[in-house]
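Heads up: the structure comes next, in structure tokens.
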Amino acid sequence: MAKETGWERNSDPLGIWEHRGKVAMVGRGHSTTDRRWDGESMDKTLGAYSLVAAQNAMEDAGISPDEVDGIISSAGGQANGQPLGEVWAPRPYFDPPYDSEDGLSHVTAEWLAKQLDLKNVTYMNSHGDTVWNLIGQAAQAIGDGRATVCLVTYPNGNMAGRYHQESSLEASGNAQWSSPWGWGLSGQGFTFDQYCRKYGSNHDRMAPFIVQEHKNGRLWPYSYYALHEPEPFTEEDYLNGRMIAKGLSIFDCDRPVQAAACYVVTTAERAKDMKQKPVYILDHTESAFRPRSLVQTLDDTEEWTDIQAKRAYAGSGLTPDDIDLFSPYDGFAVFTQYFLEAFEWRGVKRGDAHDFYAGDISLEGPNPLNAGGGNMGTGRMRTVFITDSMEQLQGRAGPRQVKGKAEIAVTIGVLPGNAGCLVFSSTPD
Amino acid sequence: MPRPIPVPDATSKPFWDACNEKRLIVQHCTYCDRKQFPPEPECRECGWHFHLSWLETSGRGTIVGYSVTYESRIQAWHPEQPFNNVIIALEEDPVINFHSNLPGVPVDEVPVGATVEVEFLEVTDGQLIPEWRVVS
Amino acid sequence: MAHIDEYIEKRTVTMAILLSFDIDGTLEFGEPPGGVTKEMVQRAHDLGFIVGSCSDRALSSQRAIWKQLDVPFAFVKAKHQLGTVKGEFPADAYYHIGDRDTDVQVAEQAEFGFWWDHEAVSEPWLDL
Ligand SMILES: [Zn+2]
């Protein structure tokens with residue numbers, strides 16, 4: 001199926017979304033979470049995990065496979081359609097359905113429909129993007145009437161071996177402007193260095209935020225840490241983290257994992273008959289920017305995130321005071337402050353994020369930032385942002401349920417330079 | 001050390017050729033009066049390609065910030081770890097940035113705000129890349 | 001294991017030797033699991049080696065691994081802090097055992113001897 005274009009809500013000035021409150025999220029399903037795929041266990045492939053997630057999501061929503069008429073999947077997990085982890089090639093493929101990358105390093109809608117034997121699917125899209133954009137796309141497709149009951153799957157893979165190593169001595173394409181100087185993750189370190197200089201802060205002031213995210217993430221059953229490293233993560237742990245780049249330690253980078261999630265998105269009308277309390281989508285907005293020159297500067301970052309916040313507020317008709325739960329992406333952890341300050345959630349202005357972190361950001365307090373624990377607290381699967389927002393609004397977040405009001409949730413990810421923003425509500429208006 | 005060598009393409013070739021003549025050039029859109037780096041097939045502002053020309057720069061700039069790489073994904077850089085990753089803003093247009101490792105400056109002792117001047121470093125036979133050194 | 005029993009009988013500890021173990025890819029309780037078993041670490045401890053871990057795991061997580069190993073440990077360190085054990089534990093020789101280039105690098109920087117995980121399974125420290 002051809003790549004669908006033009007669905008994004010990204011031209012300023014944006015008005016209120018035409019389908020505000022008419023589309024809802026109902027069910028969510030997850031696979032378990034592993035550190036990586038061992039290359040042998042066929043019941044633990046990305047495809048197998050996507051199937052488990054899809055079945056769990058349908059069961060959660062109380063629907064049968066025959067009710068599904070749309071599937072949106074991320075071909076790989078990244079905005080460019082590439083897998084988030086490594087590809088399986090050049091290693092030999094397996095018997096069907098694992099006779100190509102599909103099902104191993106990425107999982108298309110077509111692959112899922114076939115394996116799940118979904119007979120009534122008329123809308124399929126393997127657009128290839130991050131989970132925020134996929135849900136935005138599903139919301140638009142359902143609002144526009146292209147589908148009624150849509151599965152949105154988001155697989156995140158990690159193969160054995162080192163993650164994203166570059167061995168070539170030939171720097172071609174974009175790499176010609178960066179690799180000759182060894183530029184890489186130093187990019188995030190550089191932007192953060194500018195931030196700290198401008199606002200007088202430092203890396204260690206991130207500690208309360210990271211520790212809180214780990215604490216929240218330990219309470220989410222699918223978190224890599226809840227499953228495999230349940231002991232509490234402390235400030236001592238954070239402050240002793242090895243630096244990958246100046247300003248960016250291993251505990252500011254999310255840990256790659258192998259996991260899949262799936263969501264059931266449908267019309268508000270249809271959602272009423274399903275098993276879970278509907279979570280209404282008030283708005284979706286998308287944005288993609290490019291640095292003015294060679295690298296992403298703090299100026300770029302602040303300009304981009306300001307536009308993202310403006311779009312989300314214009315599209316939903318809400319103000320910062322309306323947001324009960326705010327979950328800005330954190331993988332790298334430094335992203336969160338740029339989003340937080342742009343959205344001015346709880347009145348946080350430019351340069352204030354680290355002071356805010358030093359206050360009460362617990363689940364019990366008035367400012368439950370990233371109540372699900374973000375990627376730092378759960379691993380690099382990116383789906384806790386969606387699942388936790390849903391569960392909080394549905395009142396079924398269990399030990400993570402915030403003490404305060406949980407009626408409006410906003411989440412944005414993944415990059416300051418390329419993001420989807422979703423506004424969820426417990427009521428359609 | 002053997003480091004990744006830039007592979008020029010149709011758009012970038014004039015830049016890399018100029019480096020080999022020890023000249024630092026950037027694209028200039030005469031229609032928008034706007035400098036552009038890295039080079040692109042069209043001007044990002046007006047979208048036209050035929051207003052784009054190349055402009056020789058002053059070769060001077062300011063250090064606007066930096067990071068230090070302790071663990072690179074680029075294997076060729078592993079023996080150099082840790083090393084400085086410095087961002088330079090061009091004197092006549094601070095929006096335009098360049099990379100530098102600031103040779104000779106100790107790791108994590110980068111003088112942010114200092115003035116720098118371009119020099120050229122041979123990374124392989126016949127290919128120079130811009131590098132920078134502190135002048136004040 | 002007969003040769004090891006023999007060895008243990010004959011051994012008289014004359015030198016203080018410190019062994020630092022990486023965890024993931026090195027110890028059997030790592031992720032991925034490595035070849036160095038609880039028995040090997042236990043034996044080293046019982047023979048008087050100073051044992052501890054130096055890993056990218058959070059310090060809390062390293063302590064949890066030692067609890068799982070059920071071996072008394074002298075230290076846990078983040079990988080870039082390997083050198084600091086020298087000040088804390090005077091010894092005649094220091095070794096780090098790991099499975100990655102980073103392990104080699106930190107061992108070199110801290111002036112430790114180094115064994116790869118696959119070399120470590122034959123317990124080369126017993127020959128010191
Ligand atoms: Zn122009």
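- Between B:V64 and A:F190, the closest side-chain pair of non-hydrogen atoms falls below 4.5 Å.
- Atom CH2 of B:W48 has 12 or fewer heavy atoms from other residues, nucleotides or ligands within 6.0 Å.
- Contact record, A:W183 with B:I74: O-CD1, 3.9 Å, taken as the closest heavy-atom pair.
- Within the 3.5 Å criterion, the main-chain N or O of B:N97 finds a donor-acceptor partner in the side chain of A:S293.
- A distance of 7.5 Å separates CD of A:E166 from OG of B:S72, quoted to the nearest 0.5 Å.
- Ring planes of A:W177 and B:W16: parallel class, angle under 30° (limits at 30 and 60°).
- For A:E170, the parts sitting under 4.5 Å from any heavy atom of chain B are the backbone and the side chain alike.
- Neither the backbone nor the side chain of B:T124 comes within less than 4.5 Å of any heavy atom in chain A.
- Of the listed residues B:R44, B:Q36, B:K35, the one with more heavy-atom pairs under 4.5 angstrom with chain A than any other is B:R44.
- Ranked by heavy-atom pairs shorter than 4.5 Å toward chain B, the options A:G247, A:S179, A:G189, A:P291 are led by A:S179.
- Side-chain contact between A:S186 and B:T69: present, with at least one pair of heavy atoms (C-beta onward) separated by less than 4.5 Å.
- In this structure a side-chain-to-backbone donor-acceptor pair under 3.5 Å is missing from A:W181 to B:V86.
- B:F37 touches chain A through backbone and side chain together, each having a heavy atom under 4.5 Å away.
- Of the two parts of A:R242, only the side chain, counted from C-beta on, holds a non-hydrogen atom closer than 4.5 Å to a non-hydrogen atom of chain B.
- When A:A175, A:G184, A:S172 are compared by the number of non-hydrogen pairs under 4.5 Å with chain B, A:S172 comes out ahead.
- Both the backbone and the side chain of A:I244 come within contact range of chain B, each with at least one heavy atom under 4.5 Å from a heavy atom of that chain.
- At a 4.5 Å heavy-atom cutoff, the contact between B:E40 and chain A is made by side-chain atoms alone.
- Closest approach of A:A171 to B:P4, counting heavy atoms only: CB-CB, 4.1 Å.
- For B:V123, no part lies under 4.5 angstrom from a heavy atom of chain A.
- Looking at A:T297, the atoms closer than 4.5 Å to chain B (heavy atoms on both sides) all sit in the side chain, from C-beta outward.
- A:K310 NZ: 12 or fewer foreign heavy atoms inside a 6.0 Å radius.
- Rounding to the nearest 0.5 Å gives a distance of 11.0 Å between CG of A:L294 and CD1 of B:I88.
- Between chain A and the residues B:P8, B:S12, B:P2, B:P82, the largest count of heavy-atom pairs under 4.5 Å involves B:S12.
- Atom CG of A:N174 sits in a sparse spot, with 12 or fewer heavy atoms from other residues, nucleotides or ligands closer than 6.0 Å.
- Residue A:Q176 is tested with B:D9, B:I5, B:V7 for a side-chain contact (heavy atoms from CB on, under 4.5 Å); the sole match is B:D9.
- Judged by distance alone, the side chain of B:R3 and the main-chain N or O of A:P180 form a donor-acceptor pair under 3.5 Å.
- Residues B:E71 and A:L185 form no side-chain contact, since every pair of their non-hydrogen atoms from C-beta on lies 4.5 Å or further apart.
- Within the 4.5 Å cutoff, the side chain of A:K246 has heavy atoms near those of the B:Y66 side chain.
- For A:R292, the parts lying under 4.5 angstrom from a heavy atom of chain B are both the backbone and the side chain.
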